[in-house]
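For the numbers below, each heavy atom of this structure counts, side chains included, while hydrogens, waters and symmetry mates do not. Just so we're clear, the structure is a prediction, and the values are computed from it rather than from any experiment. A note on names: the letters A, B, ... follow the listed sequences, proteins ahead of strands, and every chain is numbered from 1.
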Amino acid sequence: MTIAIATEAPTAAIRLRAVRDSGLIAGRNLRVLRKNPGRMLYPLVQPLILLVMQVSVFGNLALAGHASGTVGMSYREFLIPGIIIQNAALTAPTTGLALLRDAGSGLADRFRSLPVSRAAVLAGRLGSDAVVFTVQAMLLLLVAAPLGFRVHTGLPGMLAITGVTVVFGLSVAVLSAWLALLINDAETAERTLYFPAIAIAFISSAFVPVGYLAGWMQPIARVNPVTGAAAVIRSMATGGGLAVPLLELACWGVFLFLVPGFLAARRWQSQN
Amino acid sequence: MNDLTPAIEVSGVRKAFGQVTALDGVDLSVAPGSLTALLGPNGAGKTTLVRIIATLSRADEGRVRVLGFDVAAQPKQVRARIGLTGQFAGLDDGLSGRDNLILIGRLAGLRRRQAVERAGELAATFGLTDATNRLVRTYSGGMRRRLDLAASLMARPALLVLDEPTTGLDPASRQQLWTELGALRAAGTTMLLTTQYLEEADRFADFVYVLNHGTVVASGTAAQLKGTGSLDEAFLALTREGAI
């Protein structure tokens, strides 16, 4: 068997190779999940438990009509989009933790010693996490229906909600990747990365309208991307106005992908 | 690169981590087809040097050429030609041995069919055929090391860099690994090896460099370094505090 090794590849070939490598890494991550079903408990089963528990505990609060933005909407219809986004935020730290696990096991060095695009490891991780976020969102929507969450816009609405959840989850995942590489210690990262995820979920309109939050929380909650994402999902479910919340969320998405994404890629490449 | 060009050329390499100087002007050369051992106590700078040679780290000063390519300016060309076995087996515990080999082969540039064939060949060579479909986390330490070495060989590298490959292995597993490394050496693969087992360098290396406090304190064949004593004695004399 002869193996040809290209020494000088044109730019298009390099890009194609980076896409191929990212696909291989993403495939590897998904294969690990398939062969180790226990690793799916956190991203896929825990969100369902949280959904059922939170709706069962808080779902009967009579919030409808008490604050602007919830008029004509049951509290369950208000709450469930928040829970969907909360779960995406709580799943996102697994991206950073997985990168650190690879670094600690020597696998990251193995990848770095191969003629692989350095962006491929990060891109591949985000690719496989996109699949996890998609399955998670679809499962949550499936279970949310009998709990009182109706998507009045039908299948297109459900697909749009899934898409928004995936994009939001990936944005926070990029942030978690940067923070994890900055912390550079798996144990510390494991104990640290969930704090911001919990904080951004609670200091938002995920569970109650902004006006019901403590005074100091309200300015933060208004600009929090969780507030924007939950508002977009509520609008997508009811067929309400999308322009403003979608624009806000898009700005956040672009910012999180570009800034922490650039910093994470630089950190990954410079870990020498 | 012609036959006389060194497989590895290291000139004046310095590397510091903050206030700690890991390498302080290292020069060495590895002949093609040879097995060269890098000896040194813990903290001597062996792994730092190996990481620079394998493009995992950058030197602060100096130049390193591997198989005719500059590691700083042409890292991809270097990576396409080397295999690395580090101190920690670079394997995915959550995948089978076969899946690990195929993944690494494909990332090294092999087509899927080539990677599958090569994985089968190497599993047979390293006595892992029966275990190839098991998850790596069920492997013993010796099996992991052999799989790690097999993974390094997926793309038939011209240079194999081995950073303490036998550390932690029982004598039988070490012996088996050395049998396999001997076969590779016979086939003409250039190898750079770091080890703390002096008898390994004594028995297998064509040339030995002794590193201490980030500098090369001695070099030569094992016989030259030993003189009339043992390599242990020579090593201790060269690396004891105040010896340099």
Check this for me: does any side-chain nitrogen of one of B:Glu61 and B:Lys15 sit under 4.0 Å from a carboxylate oxygen of the other?
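No, no charged N to carboxylate O under 4.0 Å.
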Check: [X]/[Y] side-chain N/O donor and acceptor closer than 3.5 Å:
X        : Y        : result
B:Glu164 : B:Thr195 : no
A:Gln136 : A:Thr91  : yes
A:Ser117 : A:Asp21  : no

Using modelled atom types only, decide if a donor and an acceptor are shared between the side chain of B:Tyr139 and the backbone of B:Arg145 within a distance under 3.5 Å.
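No; zero donor-acceptor contacts below 3.5 Å.
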Is a side-chain donor or acceptor of B:Gln114 paired with a backbone partner of B:Leu110 at a separation under 3.5 angstrom?
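Judged by distance alone, no pair lies under 3.5 Å.
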Report, as yes or no, whether the 6.0 Å neighbourhood of atom CZ on B:Arg134 holds more than 12 heavy atoms from other residues, nucleotides or ligands.
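More than 12 heavy atoms, drawn from other residues, nucleotides or ligands, come within 6.0 Å of this atom.
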Counting only heavy atoms not in A:Met138, do more than 12 fall under 6.0 Å of its CE?
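Atom CE in A:Met138 is not packed in, count stays at 12 or less.
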Give, as side chain, backbone, both or neither, the part of A:Arg39 having an atom under 4.5 angstrom from any heavy atom of chain B.
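For A:Arg39, side-chain heavy atoms alone lie under 4.5 Å from chain B.
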Using non-hydrogen atoms only, which part of A:Arg17 is less than 4.5 Å away from chain B: side chain, backbone, both, or neither?
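Side chain only.
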Given the options [options], which has more heavy-atom pairs under 4.5 Å with chain A than any of the others?
options                              : answer
B:Val161, B:Ile52, B:Leu84           : B:Leu84
B:Pro157, B:Ala151, B:Pro75, B:Ser96 : B:Ala151
B:Ile102, B:Asp99, B:Ile82, B:Thr55  : B:Asp99
B:Arg111, B:Lys76, B:Arg137          : B:Arg137
B:Leu91, B:Asp92, B:Thr85            : B:Asp92

[X], part contacting chain A, at a heavy-atom distance under 4.5 Å:
X        : answer
B:Thr48  : neither
B:Leu107 : both
B:Leu135 : side chain
B:Arg112 : neither
B:Asp148 : both

CZ/B:Arg65 to CD1/B:Ile8 distance, rounded to the nearest 0.5 angstrom?
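Atom-to-atom, B:Arg65:CZ and B:Ile8:CD1 are 13.0 Å apart.
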What residue, out of A:Ala108, A:Gly104, A:Ala120, A:Pro115, has the most heavy-atom pairs lying under 4.5 Å from chain B?
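The residue among A:Ala108, A:Gly104, A:Ala120, A:Pro115 with the greatest pair count is A:Pro115.
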